[in-house]
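The residues of the chain are indexed from 1 along the displayed sequence.
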Amino acid sequence: MLPVVVVHGGAGSIPKERVALSTAGVQEAARKGYAVLTSGFSAMDAVVEAVAVLENNPVYNAGRGSVLNVKGEVQMDALVMDGRTLSCGAVSAVRRVANPVRLARLVMDKTNHVCLTAEGASQFARAMGIPEVTEESLITDYARKRWRDNLDPGANPVESQMGKMGTVGAVAVDMQGNLACATSTGGMINMMEGRVGDTSCVGCGGYADNNIGAVSTTGHGESIMKVALSRLILFHMEQGKSPEEASDLALAYLWERVSGMAGVVVVDPKGTWAARFNSKQMSWAAAQQDQLHYGLYKGEDFTEPV
Ligand code: GLY
């Protein structure tokens, strides 16, 4: 099986001055995920490593660079899912960890649960020997400025929220034909303390099933949860649609039914992939057959050697 990894750095409207950084970051993450796959590691290893690269990059709304809640604090959500067994792990409203995606994987690997939240997730991180980081180390000047500037979300909530997205995620198929997904986010700017979005919810922020495909989503979490976007895409694929057709059907439904904006990356078990969105932009990159594909606006698919 030829391995493939597809990553996204968030759907929305990316400020001009951040476009180059956002595009470069997803390429770096796709290269990392592809190196993991071509070294013989699993799809799960690849999506976790790719997402960790994006969490460490302050350009994105995940890990370092996360948006701030209404109290000016960082609280993050993350999810991983293994398509072999449907095993999954998630954390929600977790604070003071650098890589929530690694903690989500530990929830999957080391507990009998699917999701740990808030202080319970932090306690589990400590028990697993994950170092606590300072709040300050996760907060960028940009995030603090956006928080101050957006204390009033404005007249058009979806647009104002989408302008600040930057959730990150990845899907992959490995050389053994196994699928996995991972998604990580700082949530919505100025969200209520304790708000949990789509990212950590199985079937919303992501889903992976070796029999059908794998999905990672980005966008307006409350809308994505209402239609269970990841599982909806896989439902259409079960009915015979390609990843691209299934994504477009589900994104159209999201808009028609709940005026939701989102973006998705999808793979099927044959390695056919798609990166689709109904927002203005989504930074994405894919690596397959030693070719790197990437884009930002609809219709773009630039390629170069990995
Ligand atoms: N999609 C990320 C969030 O709404 O939290």
Side-chain angles (χ1 to χ4, degrees), residues 4 6-14 22 26 61 79 81 83 153-171 179 181 183 185 187-188 197-209 211-286 293-302:
V4 55
V6 195
V7 309
H8 66 77
S13 176
I14 301 166
S22 183
V26 288
N61 174 20
L79 167 73
M81 187 160 184
N156 181 342
V158 171
E159 276 303 322
S160 67
Q161 289 160 357
M162 288 301 297
K164 296 156 194 70
M165 296 312 299
T167 295
V168 304
V171 292
L179 278 62
C181 70
T183 311
T185 190
M188 307 294 294
D198 61 302
T199 295
S200 56
C201 296
V202 180
C204 301
Y207 202 88
D209 182 340
N211 296 332
I212 317 166
V215 181
S216 171
T217 68
T218 164
H220 183 233
E222 281 70 8
S223 303
I224 291 170
M225 291 164 93
K226 286 173 189 167
V227 306
L229 185 63
S230 293
R231 197 60 189 78
L232 180 60
I233 289 170
L234 294 182
F235 165 78
H236 287 307
M237 288 168 64
E238 284 176 297
Q239 310 304 308
K241 301 294 183 200
S242 68
E244 185 171 309
E245 290 166 343
S247 302
D248 288 350
L249 278 170
L251 288 167
Y253 183 76
L254 179 76
W255 178 251
E256 284 156 20
R257 195 72 178 88
V258 296
S259 305
M261 281 195 190
V264 300
V265 291
V266 185
V267 283
D268 74 9
K270 291 182 187 150
T272 309
W273 57 271
R276 310 293 289 176
F277 46 100
N278 67 2
S279 52
K280 188 174 157 203
Q281 297 160 315
M282 180 178 79
S283 56
W284 64 268
H293 300 252
Y294 58 93
L296 181 68
Y297 289 95
K298 285 180 186 140
E300 286 183 349
D301 182 356
F302 304 109

Fill in the blank from the handout: Output for pair (I233 CD1, Y253 OH), nearest 0.5 Å, gives 13.5 Å
Practice task
Would you give the length of the straight line joining atom NE2 of H236 to atom OG of S247, rounded to the nearest 0.5 angstrom?
Solution key: 9.5 Å
Fill in the blank from the handout: Heavy atoms of A11 and A262 approach each other most closely as CB-C, 3.9 Å
Practice task
Check for a donor-acceptor pair, side chain of S230 on one end and backbone N or O of G206 on the other, with a separation under 3.5 Å.
Solution key: yes
Handout entry: Pairs meeting criterion salt bridge (charged side-chain N to carboxylate O under 4.0 Å, His left out) with involvement of residues 228-240, two or more places apart
Key = R231-E238
Handout entry: Residue pair S223 / M261, side-chain heavy-atom distance below 4.5 Å
Key = no
Exercise for the section: Using atom types as modelled and distance alone, determine if a side-chain donor or acceptor of K298 lies under 3.5 Å from a backbone N or O of S279. Expected result: yes
Problem - Within residues 257-278 or reaching into it, pairs that qualify as salt bridge (charged side-chain N to carboxylate O under 4.0 Å, His left out) - sequence neighbours excluded - result: E244-R276, D248-R276
Exercise for the section: Mind checking the CG-CG spacing from L232 to L249? Nearest 0.5 Å is all I need. Expected result: 8.5 Å
Practice task
Answer whether the closest heavy-atom distance between the side chains of Y207 and L179 falls below 4.5 Å.
Solution key: no
Completion exercise
For A170 and V7 the tightest heavy-atom approach is CB-CG1, 3.8 Å
Handout entry: S216 to T183 - nearest heavy-atom pair and separation
Key = OG-OG1, 2.7 Å
Handout entry: Minimum-distance pair of heavy atoms, taken over all atoms of M225 and C201
Key = CE-SG, 3.7 Å
Handout entry: Atom pair CG (L251) and CD (E256), whose distance is rounded to the nearest 0.5 Å
Key = 11.0 Å
Practice task
Output, in order, the C-alpha distance, side-chain angles, deciding distance and verdict of side-chain contact (heavy atoms from CB on, under 4.5 Å) for T167 and H8.
Solution key: CA-CA 8 Å; T167 295; H8 66 77; 4.2 Å; yes
Practice task
Verify, without hydrogens or angle tests, whether T217 (side chain) and C204 (backbone) share a donor-acceptor contact under 3.5 angstrom.
Solution key: yes
Problem - Shortest non-hydrogen separation from V258 to K226 and the atoms involved - result: CG1-CD, 3.9 Å
Handout entry: Polar side-chain atom of T199 near backbone of T185 as donor-acceptor pair, under 3.5 Å
Key = no
Exercise for the section: Take L229 and D198 through the test side-chain contact (heavy atoms from CB on, under 4.5 Å) and record every step on the way to the result. Expected result: CA-CA 9 Å; L229 185 63; D198 61 302; over 6 Å; no
Problem - From Q281 atom CD to L296 atom CG, the distance as rounded to the nearest 0.5 Å - result: 4.5 Å
Exercise for the section: Kindly give the heavy-atom pair with the smallest separation between W273 and V6, and that separation in Å. Expected result: CB-CG2, 3.6 Å
